[in-house]
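What follows is a single structure, written as structure tokens, with notes after it.
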Amino acid sequence: MPELPEVEVVRCGLESYLIGKMVECIEVRRPDLRYPIPDLNTVLRGRKLCQIKRRSKYLLFFFEDTLLVWHLGMTGQFHVLPRDIPATAHEHVCFLFSDGTSLRYRDSRRFGYAGLLSLDGWQQHPWFRDLGPEPLGEEFTGEYLIRCCKMRKAPMKQILMNAHVVVGIGNIYACEALFRAHIHPARAANRISHMRLQRLFQAVRQVLREAIDAGGSSIRDFVRVDGKPGYFAHDFKVYGRAGEACPDCGKHIRRIMQSGRSTFYCPRCQH
DNA sequence: CTGAAGACCTGCCTGC
DNA sequence: TGCAGGCAGGTCTTCA
């Protein structure tokens with residue numbers, strides 16, 4: 001499901017519903033997500049949710065004395081519902097809050113995972129230790145991207161999707177950013193001019209920003225915490241559009257496989 | 001070190 | 001209608 005914009009949209013939604021609420025108990029129906037879910041009740045029962053942040057594609061739930069980290073994997077969803085609504089299929093975890101609200105975690109493929117980390121040392125955890133900068137933060141700049149591409153002959157799309165370089169960019173937004181920057185996804189990173197990398201840097205920021213503003217992309221099963229879809233999928237220029245006309249030049253959009261993932265691009269505009 | 005490919009798990013769509 | 005095969009937005013591990 002989610003790349004950075006979708007996770008950010010979920011974070012905002014959760015924040016608007018849940019901040020300041022107290023956990024009464026947690027029902028775990030299936031602890032066997034990608035990694036086993038830890039014992040949440042012992043640590044979180046009676047605790048107040050103070051803040052919800054995001055780092056990369058991880059949601060960070062800050063309680064008074066502990067941090068709950070959650071990754072949505074491919075199909076994870078959070079929903080805020082009244083507690084008396086019955087559980088649906090693949091609803092593996094339900095947080096009950098003392099005011100009658102519930103937070104449900106649903107994840108058909110169970111690629112998602114969660115962990116309890118300490119408030120001070122969490123950034124040293126293996127999930128976070130080696131992450132690159134946030135693409136919308138100050139550390140990510142055109143010069144930084146140029147440095148990362150120097151000496152790297154991997155396809156540019158792989159570099160964009162590499163979380164050691166920059167976090168949050170998955171298959172969709174990598175394709176869309178490369179299209180906007182007119183760069184061929186298979187082009188070796190070290191064979192792209194500095195000017196074009198600057199343009200790619202701008203394209204990454206722009207496409208992520210626009211996607212967040214549109215409420216994320218719903219192509220298969222992404223929904224916001226209130227169940228509404230995001231609208232950015234309407235604005236995809238190339239992703240999922242193999243065979244359609246390029247919106248800029250009219251040539252047919254092509255699909256290729258790169259490291260087992262589909263890549264969409266315009267063979268005329270991108271080189 | 002880098003980069004490619006496979007693994008994890010389930011649902012849905014296509015085509016025979 | 002039924003079933004096999006391919007594909008799906010992420011990340012980690014293994015292998016060359």
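Computed over heavy atoms, backbone and side chain alike; hydrogens, waters and symmetry mates excluded. Keep in mind the model is a prediction, meaning the values are calculated, not measured. Chain identifiers are assigned alphabetically (A, B, ...) following the order of the sequence lines, protein sequences preceding nucleic acid strands; residue numbering begins at 1 within each chain.
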Ring center gap for A:Y17 and A:F97 short of 6.0 angstrom
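Centroid separation for A:Y17 and A:F97: 6.0 Å or greater.
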Contact class for [X] vs. all strands (heavy atom < 4.0 Å): base, sugar-phosphate, or nothing?
| X | value |
| --- | --- |
| A:Y113 | sugar-phosphate |
| A:R152 | sugar-phosphate |
| A:F232 | nothing |

Kindly indicate whether the side chain of A:R109 and the base of C:dA8 share any N or O donor-acceptor pair separated by less than 3.5 Å?
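Yes, a donor-acceptor pair under 3.5 Å.
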Taking atom types as they are modelled, would you say the side chain of A:R34 forms a donor-acceptor pair with the base of C:dT11 within the 3.5 Å cutoff?
yes
Which nucleotide sits closest to the side chain of [X]: [options]?
| X | options | answer |
| --- | --- | --- |
| A:P155 | B:dA4, C:dT11, C:dC7 | B:dA4 |
| A:F111 | C:dC7, B:dC9, C:dT11 | B:dC9 |
| A:Y239 | C:dA8, C:dC12, B:dT10 | C:dA8 |

Rounding to an integer number of Å, can you tell me how far [X] [atom1] sits from [N] [atom2]?
| X | N | atom1 | atom2 | value |
| --- | --- | --- | --- | --- |
| A:Y35 | B:dA7 | OH | P | 17 Å |
| A:Q77 | B:dT10 | CD | P | 16 Å |
| A:D32 | B:dT10 | CG | P | 8 Å |
| A:H90 | C:dA8 | NE2 | P | 20 Å |
| A:R106 | B:dG11 | CZ | P | 12 Å |
| A:K150 | B:dC1 | NZ | P | 21 Å |
| A:E6 | C:dA8 | CD | P | 16 Å |
| A:I256 | C:dC7 | CD1 | C1' | 16 Å |

When the P atoms of B:dC9 and C:dC3 are considered, how many whole Å apart are they?
24 Å
Rounded distance in Å between the C1' positions of B:dC12 and C:dT11:
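That atom pair is separated by 23 Å.
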Option passing side-chain hydrogen bond (donor to acceptor under 3.5 Å, both in side chains) with A:N171 (candidates A:K157, A:E3, A:E176)
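So the option named by the test is A:K157.
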Please determine, for B:dG6, whether a Watson-Crick or G-U wobble partner exists with both distances under 3.5 Å, and give it or none.
C:dC12
